[in-house]
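Scroll down for the structure; my scribbles are underneath it.
Convention: sequence-line order gives letters A, B, ...; per-chain numbering from 1.
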Amino acid sequence: MDAGSIVPPQSRNSPCPCGSGQRYKNCHGLLAESGGAAAVPSHALQRSTYRAPAAEWLDVGEDEQDHLGGMMERALAHQLAARTGEAERDYRAVLERAPDTHDALHMLGVIELGRQNLDEAELLIRRAMTLRAPHPAIVRNLKLVEEAKLTHRRENPERLCERALPILSDLLRGGSPGPAARAVVGSANAPGDAEIHLVGRLHAPLCDDGWLLQRLGQLIDARIWSLDARGTGSFANRKWFGIDADTGSFPRFGTHVIVGVDTENFDWLDRATPDRVIVFCSGVTPSICLDQLRRIARDGARTVELAFFSSAEAARFGAGHHVIVPPVALPPPPPPAAAQAPPPRGVWRIEERARWRLGIVGQTHQAVQDVEAGEGLQRLRHYADELAIYDAGRLRFEFGDQRNVRFFARTPDGLLPFLSRLDALVVRPRTWYHESGIQEFFTARALGVPILCPATSRWAEYMQDGIDGLLYENDDRLLELVSDLRTAPGWAADIGAAARKCTAALLDPERLGRAYAQLIHGPRIAASRHAARAKLS
Amino acid sequence: MEPVWKTHLGTDVPFDPVYHENPRVEIASFINEPPNVVLDIGCGGGATGKLIKAKFPGTRVIGIELNPYAAAYARQFLDVVICESIDTVDLAQHIGDLQVGTVLLLDVLEHIYDPWRTLLRVRNWLAPGTRVLASLPNIRNLANLDQLAGGHWDYGPNGVLDVTHVRFFTRESLQAMFEQTGYRIDRIEPLVQPRLIDAVVTQRSPGRLHTANMSIAYKDFSDLEDLYAMQYVIDARVPALPSPTIVG
């Protein structure tokens, strides 16, 4: 915990936020004035102003109270100056003499929180709480500990799993390539012409997986299987079949292209005997990938190929995976601007200054998670006339009352109204597996909206910095770029035009169709186990 | 500590700043354009009306609030505050022929024994095209399901299991309620505070969440979001009157 943990109250006569029960001017205010430990006068040790509530120091004599108070003050000064070792020593010394000094317990807890010893921190702060009526500062610090614990609980397993991904990758590629070599009669059944099965959640168009399945269904000639419905139906003039392991309705043989792995419904796969399996598993946490890909690969008995939308993401899984452009549909060209009749002579008109609009995407559509609404975003808001947020999620609670923030709901056709009014789109940094926004990114580029993207993002490889997009390393650089962009409309227009041109070529439906056909009909990537071993040695 | 039924039920509930003075920032996020005259039914201490007035200066806000202490407090901020039950109030008597542009029903309907009749009554006051923004707690949120699975159903002073709630809804049932009472729903949006739910999730596996007392499968993102939603916001409009039909 840094010095900022004690925020001075408005009045120096208010109770000190540290929870000591004393006035601020007599507690931390005194320390703030003295400017840290270096300036703590030596006589302070004899004549300290700090006193614990009477009940805590019942059996401590007046002289000793002076001594302990001095130690508390010195400890706090150390803590504010980030010398946590010295601070801890003093607090512990105080506790040895008077174990019920709640301030010492509380501040020790804060030190442990800073060191990420969360269990210890919680214990200390809870003990401090039992000694004293609930105080906002203690409650707030306890909440910080609980939040840190929660984040740890959620992220730690993912970090571990992330490290296992390359091992998983070897497992996936080491399996046997499936029963492709089964006895075939006639050339029509040759592996290259085998039937293609697209498998995924067809009825969740707002999910990235659902969208991808529908889009692939439009691009390639395949039989479409729905994991989220039974029976049959039609979609875009194509028939789909519901997967139902009980009735035996599931794809058999051929190439299985599985879109999305965050689902339980894979019981049928053990009986499906596919010749070849390609999985799109973008945007899912490593733990889910490990669980489900291992299962699809039958613990290494079956070869599974993975396809990703960026080489940065593919590299997390090791080398040798498919990397392909996401199959985003090109947005319709903007309607031609209506020719404006010149105003009649002699009529005055007040031209409204154009509002400069910045956009961000709030929630990703794979996992519900806290969207950071930190200082960076708060600052960003002041750099534009209007901040537009698409699918705000929790950001509604942060920015709902701001007049220059506008919210757009995620609906099947809500993206174009959001993007078409933007002067620039900011992609916010996220953990790589939560980096969603496939459609938002490419549609914005196709519309010619300049994009500011973190240099670490998986989308960075689709942009040439300064030519058809802008990359930023941190929030300060982002704000700098945003204000540059705003003051140089010509530059912004050039970037937009370059992005539009490049993306139009990339997303051309014919080119996309060919790329996907090549991925699915083309040569397998998987090396045999022997070849992989030979490579290793 | 006194049980909540002793302290929070009854006709003479005192004004509780935490309860009645809580501005709904997230609700203001649904109002992107000046909302014309706002009718805030169950306005509490008027905090949300105050917020909307700050976001769109010049907006007139009329509040209806049953609790006399809260209503008196709200009078500081709102243009008109009517201290009467929604089921007996004669709106025209208070506001004349002033036309309401937006109606707020924030966490109101779950406190009413017959919210269907209330919705019908409110609809009769409104001109076609009037916007209705309502929020209702989602009883299917994972924290609640986990509690129930563990055998607990603890009413509290606030939250989804507020002791004064008499009706409980899921996304489907609240949608049905608005449709059956003649509203046209533009959209239903979940309000999520992921940390509150993350706190009860002990493990995740493909298509499934585990808590201390249960495990539950989800089909897709919207299903997952439903488990995370503490509340739903219903953004509806009063449809144009159906053309009169002559019944023979």
> How many angstroms lie between CD in B:Glu26 and CG in A:Leu395, if you round to the nearest 0.5 Å?
Replying inline: 12.5 Å
> How about A:Arg403 and B:Pro57: do any of their side-chain heavy atoms sit closer than 4.5 Å?
Replying inline: yes
> Taking atom NZ of B:Lys50 as the centre, does the number of heavy atoms from other residues, nucleotides or ligands within less than 6.0 Å exceed 12?
Replying inline: no
> Going from CG on B:Asn32 to CD on A:Glu386, what distance comes out if it is rounded to the nearest 0.5 angstrom?
Replying inline: 8.0 Å
>> Once rounded to the nearest 0.5 Å, what's the spacing between atom CZ of A:Arg406 and atom CD of B:Glu33?
In response: 4.5 Å
> So do B:Glu225 and A:Gln363 actually touch side chain to side chain, heavy atoms under 4.5 Å?
Replying inline: yes
> In terms of heavy-atom proximity below 4.5 Å to chain A, should B:Ser205 be classed as side chain, backbone, both, or neither?
Replying inline: both
>> If you compare all heavy atoms of B:Ser29 against all heavy atoms of A:Phe407, which two are closest, and at what distance to 0.1 Å?
In response: O-CD1, 3.2 Å
>> To the nearest 0.5 Å, what is the distance between CG on A:Leu227 and NZ on B:Lys219?
In response: 13.0 Å
> At a heavy-atom separation under 4.5 Å, does B:Phe30 approach chain A through its side chain, its backbone, both, or neither?
Replying inline: both
> Heavy-atom distance under 4.5 Å to chain B: side chain of A:Ile288, backbone, both or neither?
Replying inline: both
> Where does A:Val284 contact chain B at under 4.5 Å (heavy atoms): side chain, backbone, both or neither?
Replying inline: neither
>> Do B:Val25 and A:Phe399 make a side-chain contact, defined as non-hydrogen atoms from C-beta onward lying under 4.5 Å apart?
In response: no
> Using a cut-off of under 4.5 Å for heavy-atom pairs, which of B:Ser222, B:Pro206, B:Ala217 has the most such pairs with chain A?
Replying inline: B:Pro206
> How far does OG1 of A:Thr151 sit from CZ of B:Arg195, to the nearest 0.5 angstrom?
Replying inline: 4.5 Å
> For chain B, which of A:Gly210, A:Ala409, A:Gly400 has the most heavy-atom pairs under 4.5 Å?
Replying inline: A:Gly400
> Checking heavy atoms, do the side chain of B:Glu189, its backbone, both or neither come under 4.5 Å from chain A?
Replying inline: side chain
>> Please find the pair of heavy atoms, one from A:Arg201 and one from B:Asp220, that lie closest to each other, and give the distance.
In response: NH1-CA, 3.6 Å
>> Does any backbone or side-chain atom of B:Arg187 lie under 4.5 Å from a heavy atom of chain A? Answer side chain, backbone, both or neither.
In response: side chain
>> Given heavy-atom pairs under 4.5 angstrom as the criterion, report whether the side chain, backbone, both or neither of A:Val368 touches chain B.
In response: both
> Within a reach of under 6.0 Å around NZ of B:Lys55, are more than 12 heavy atoms found that belong to other residues, nucleotides or ligands?
Replying inline: yes
> How many angstroms lie between atom CG of A:Asp262 and atom CZ of B:Arg204, to the nearest 0.5 angstrom?
Replying inline: 9.5 Å
> Has B:Gln99 got more than 12 heavy atoms of other residues, nucleotides or ligands less than 6.0 Å from its CD?
Replying inline: no
> For B:Arg60, does the CZ atom sit with more than 12 other heavy atoms under 6.0 Å from it, leaving out its own atoms?
Replying inline: no
> Hey, does A:Asp209 have a side-chain heavy atom less than 4.5 Å from the side chain of B:Phe221?
Replying inline: no
>> Please identify, among A:Gln402, A:Glu147, A:Gln292, the residue contributing the most non-hydrogen atom pairs under 4.5 Å to chain B.
In response: A:Glu147
>> Tell me whether B:Glu179 at atom CD has more than 12 heavy atoms from other residues, nucleotides or ligands lying less than 6.0 Å away.
In response: yes
